Peer 1: 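Quick one: this structure, given as structure tokens, is what I'll be asking you about.
Predicted model, so just to flag it, every value in this text is computed and none were measured. Computed from heavy atoms alone, side chains included, the values below leave out hydrogens, waters and symmetry copies. Counting starts at 1 for both ligands and their atoms, following the listed order. Here, residue 1 is the first one in the sequence, and each next residue gets the next number.
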Amino acid sequence: MKILLVEDEAKTATFLKKGLSENGFVLDVAEDGETGLHLAREGSFDLVILDVMLPERDGWSVLREIRTRDKNTPIIFLTARDSVPDRVRGLEEGADDYLVKPFAFSELLARIRTVLRRNERRSEEFLRFSGIEMDLLRRSVSRDGSRLDLTAKEFLLLELFMQHPEEVLSRTFIAERVWDMNFDSDTNTVDVAVRRLRKKVDEPFSRKLIHTIRGMGYILENRS
Ligand code: CA
């Protein structure tokens, strides 16, 4: 799951980036409202976390602009001022939830999960393919009923394959989705990660599901 954080305070951004990636999210950070709006329009994010006080363009304006074209992507706004009008305004203008700074990370995480769960576009809680079952809310995976122990990155990688079964995924496509947007095509990282994932998902089983398409990338496919 990919989150856009629009936040000008480097300390908060770094802290959230660390915490969220530890919990299996990929985070892109924009440090001002203009960049945030641009990224929100260009990239496909599952959720946007938006600070209100921002340089270039404030959070209200970013929120309004996003909502003129995109009614669905959940937005949580962060407000430093604990005032009722702010909260009402944010929710009226199309935010899904808000948090008052300073907040506990666990609180943010809980809000993110609630908002994502509520969002109907993300109603798929389970992904299934040829005996693999992923529970996206519990973050658990099994194959033929045996539980697989995946790291956060491996989980993201498998989730990507499961969302695109029987499609060839290029290394660049994988790199962009599972790592940073501005991944400078160190595709070796992708190969290493896929190898590790195969060790857990395929090696113990006779039927292999993740295949290399030479010169192109990888595919999740049942060839039996
Ligand atoms: Ca700020």
Peer 1: Between Arg41 and Glu65, does any side-chain N to carboxylate O distance fall below 4.0 Å?
Peer 2: yes

Peer 1: Less than 4.5 Å apart, any side-chain heavy atom of Leu16 and any of Phe105?
Peer 2: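 Result yes, sub-4.5 Å side-chain heavy-atom pair found.
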
Peer 1: For the Ca ion (ligand 1), what is the closest N, O or S atom on Asp8?
Peer 2: OD1

Peer 1: Asp51: which N/O/S atom is nearest the Ca ion (ligand 1)?
Peer 2: OD2

Peer 1: Let me check your reading of the structure: within less than 3.0 Å of the Ca ion (ligand 1), is there an N/O/S atom from Met53?
Peer 2: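 Here the distance criterion (N, O or S atom, under 3.0 Å) is met by Met53, so yes.
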
Peer 1: Looking at Ile174, Ile219, Leu127, which hits side-chain contact (heavy atoms from CB on, under 4.5 Å) with Phe161?
Peer 2: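 The side-chain contact (heavy atoms from CB on, under 4.5 Å) with Phe161 is passed solely by Ile174 among Ile174, Ile219, Leu127.
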
Peer 1: May I ask you to decide if Arg198's main-chain N or O and Arg195's side chain share a donor-acceptor pair within less than 3.5 Å?
Peer 2: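 Not at all, since once roles are kept as given, no pair shorter than 3.5 Å links the two residues.
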
